[in-house]
Amino acid sequence: MINRVLNRFIELFIERCDRVPLLNLGEDSVRYDFFIAVLEVEKLKPSEIQIEFPINDQSFILRNNEKSKRKEKPLMDLVIDKGELRFCAEFGLFRQNRNEEGSINKTARTVKMINDMIRLGIDSYYTKRKAYFICVADDKMLGHQLRSGILEGFPSDYTISMDMVKQQMKNRTAAFDERFIKKFEEMKCSFQANLLFNEEIKAEKINRETRIIIWEITKKETEQ
């Protein structure tokens, strides 16, 4: 499934970037093109694709705040659950900002990715759906490695453990979602993020190296 959908997703995203500069696109454009690719390739009805769908209740621990407990409803970017076609996905767009020569907050983007991979891994464990993190990244992000050294350079295969999360949290460089971190710690496991796709894409309005990158997230068999 993922290969056929991916091929169509790439076609749609390149068509978009032939018309509109990548700088003018947001993360929703990445999501939208992937949603359309799934609908077309798998011949789904719109009602069979769930967008901003509630994450499984077992996948997080509520904040210790009575007011927030009534409103908490963490969402997944995409969930499809139809017969054998069962997966969830989170999306990212890591690109330059308006200042060509300026830097971007690569650490915040990396931590967002780790957060999303943990959410995906936990939800997948309880629902038995496949889990994917799908992103578009340009050369402002490519090759970045956290100063803590807890991960290989972006993008790579990653092992995400509670120990590495705690190590990064000491740096106070970006926020982790405590609801999922607490659940992750309780599970006493690690997640493996394996690269399924990492290829450069070219289009009329793309002016620097840009890649579509997809990871599959699974729970590691061995405990920490």
Side-chain angles (χ1 to χ4, degrees), residues 1-3 5-6 27 30 34 55-56 58-61 74-79 86-94 104-200 211-224:
M1 179 283 301
I2 193 65
N3 289 333
V5 171
L6 176 58
E27 192 175 292
V30 181
F34 191 87
I55 291 176
N56 179 274
Q58 294 175 281
S59 301
F60 62 95
I61 295 175
L75 307 174
M76 190 73 72
D77 283 347
L78 171 66
V79 170
R86 305 184 69 245
F87 71 93
C88 55
E90 292 279 356
F91 296 82
L93 174 60
F94 305 147
I104 62 173
N105 190 335
K106 301 172 187 177
T107 297
R109 286 161 174 78
T110 303
V111 171
K112 176 223 182 311
M113 177 184 72
I114 297 172
N115 266 313
D116 283 349
M117 288 178 172
I118 291 171
R119 287 157 56 97
L120 286 162
I122 298 174
D123 184 82
S124 175
Y125 172 75
Y126 284 107
T127 64
K128 309 307 178 187
R129 294 186 283 247
K130 289 185 177 294
Y132 303 105
F133 183 74
I134 301 163
C135 80
V136 174
D138 70 16
D139 60 5
K140 288 284 186 177
M141 185 69 184
L142 297 174
H144 173 66
Q145 185 172 19
L146 292 170
R147 290 183 181 179
S148 61
I150 61 171
L151 293 178
E152 298 296 320
F154 179 93
S156 302
D157 292 335
Y158 302 128
T159 297
I160 300 173
S161 68
M162 194 61 220
D163 284 345
M164 61 87 85
V165 169
K166 287 180 177 178
Q167 183 178 342
Q168 185 63 30
M169 289 174 72
K170 291 177 183 177
N171 297 323
R172 301 181 184 277
T173 50
F176 285 90
D177 190 325
E178 64 178 290
R179 297 169 298 178
F180 295 93
I181 296 303
K182 287 179 179 177
K183 186 65 180 184
F184 188 26
E185 186 169 25
E186 181 184 278
M187 290 173 68
K188 299 186 184 301
C189 71
S190 297
F191 293 117
Q192 188 66 37
N194 289 323
L195 277 170
L196 295 184
F197 190 82
N198 174 25
E199 297 292 338
E200 184 175 6
R211 291 177 170 264
I212 287 179
I213 308 165
I214 299 181
W215 287 265
E216 182 173 6
I217 319 302
T218 57
K219 179 178 174 291
K220 291 193 72 174
E221 292 301 320
T222 56
E223 294 188 351
Q224 301 179 75

Scanning both residues in full, the closest heavy-atom pair of A89 with M76 reads O-CG, 3.8 Å
Is the terminal nitrogen or CZ of R129 (NZ for Lys, CZ for Arg) located under 6.0 angstrom from the six-membered ring centre of F87 and within 45° of that ring's axis? no
Are any side-chain N or O atoms of K106 and backbone N or O atoms of K140, one a donor and one an acceptor, separated by less than 3.5 Å? yes
Can you see which heavy atom on E27 is nearest to which on G92, and at what distance? OE1-CA, 3.5 Å
Donor-acceptor pair, R211 side chain versus N198 backbone, under 3.5 Å? yes
Could you walk me through whether K220 and T159 satisfy the side-chain contact (heavy atoms from CB on, under 4.5 Å) test, starting with their C-alpha distance in whole Å, then the side-chain angles of each, then the deciding distance to 0.1 Å, before giving a yes or no? CA-CA 9 Å; K220 291 193 72 174; T159 297; 3.7 Å; yes
Got R119 and I55 here, is their nearest side-chain heavy-atom distance under 4.5 Å? yes
So, N105 side chain and A108 main chain: donor-acceptor pair closer than 3.5 Å or not? yes
Might you work through the side-chain contact (heavy atoms from CB on, under 4.5 Å) test for L142 and I213, ending with a clear yes or no? CA-CA 11 Å; L142 297 174; I213 308 165; 4.2 Å; yes
Verify, without hydrogens or angle tests, whether D123 (side chain) and N56 (backbone) share a donor-acceptor contact under 3.5 angstrom. yes
Quick one: closest heavy-atom pair of I212 and F197, and the distance? O-CD2, 3.2 Å
Between the CG atom in L146 and the OG1 atom in T107, the distance rounded to the nearest 0.5 Å is 5.5 Å
I'd like to know if D177 pairs up with R179 as an ion pair, taking the criterion as any Lys NZ or Arg NE/NH1/NH2 lying under 4.0 Å from an Asp or Glu carboxylate oxygen. yes
Student check: side-chain heavy atoms of K130 and T218 closer than 4.5 Å: no
Just verifying a value: how many Å separate E186 CD and K183 NZ, rounded to the nearest 0.5 Å? 4.0 Å
Is the shortest heavy-atom distance from the side chain of F176 to the side chain of V165 under 4.5 Å? yes
Do N194 and Y158 have side chains that get closer than 4.5 Å, going by heavy atoms? no
From CG (D163) to OG (S190), nearest 0.5 Å: 8.0 Å
Atom CD in Q58, atom CZ in F60: separation rounded to 0.5 Å? 10.5 Å
Between CG of L120 and CD1 of I217, what distance do you get to the nearest 0.5 Å? 6.0 Å
How about E200: does its CD atom have over 12 heavy atoms from other parts shown lying under 6.0 Å from it? yes
Could you walk me through whether M187 and I122 pass side-chain contact (heavy atoms from CB on, under 4.5 Å), step by step? CA-CA 9 Å; M187 290 173 68; I122 298 174; 3.8 Å; yes
Full working for side-chain contact (heavy atoms from CB on, under 4.5 Å) between I134 and F34: CA-CA 9 Å; I134 301 163; F34 191 87; 3.6 Å; yes
Distance col, row I114:CD1 vs R109:CZ, nearest 0.5 angstrom, shows 14.5 Å
Identify the two heavy atoms, one from N115 and one from A175, that lie closest to each other, and give their separation to 0.1 Å. ND2-O, 3.1 Å
Does Q192 reach the side chain of I160, with side-chain heavy atoms less than 4.5 Å apart? no
Mind checking whether C135 and W215 have side chains closer than 4.5 Å, heavy atoms only? yes
Any F133 side-chain heavy atom under 4.5 Å of M113 side chain: yes
Tell me, with the steps shown, if Q168 and S148 meet side-chain hydrogen bond (donor to acceptor under 3.5 Å, both in side chains). CA-CA 7 Å; Q168 185 63 30; S148 61; 2.6 Å; yes
Using a strict 4.0 Å threshold on nitrogen-to-oxygen distance, state whether K112 and D116 make a salt bridge. yes
Would you call K182 and E185 a salt bridge, taking side-chain N to carboxylate O under 4.0 Å as the test? no
Side-chain touch S156/L151, heavy atoms, less than 4.5 angstrom: no
Think K128 forms a cation-pi with Y125, using NZ or CZ under 6.0 Å from the six-ring centre and within 45 degrees of its axis? yes
For the ring pair F191 and F184, is the centre-to-centre distance below 6.0 Å? yes
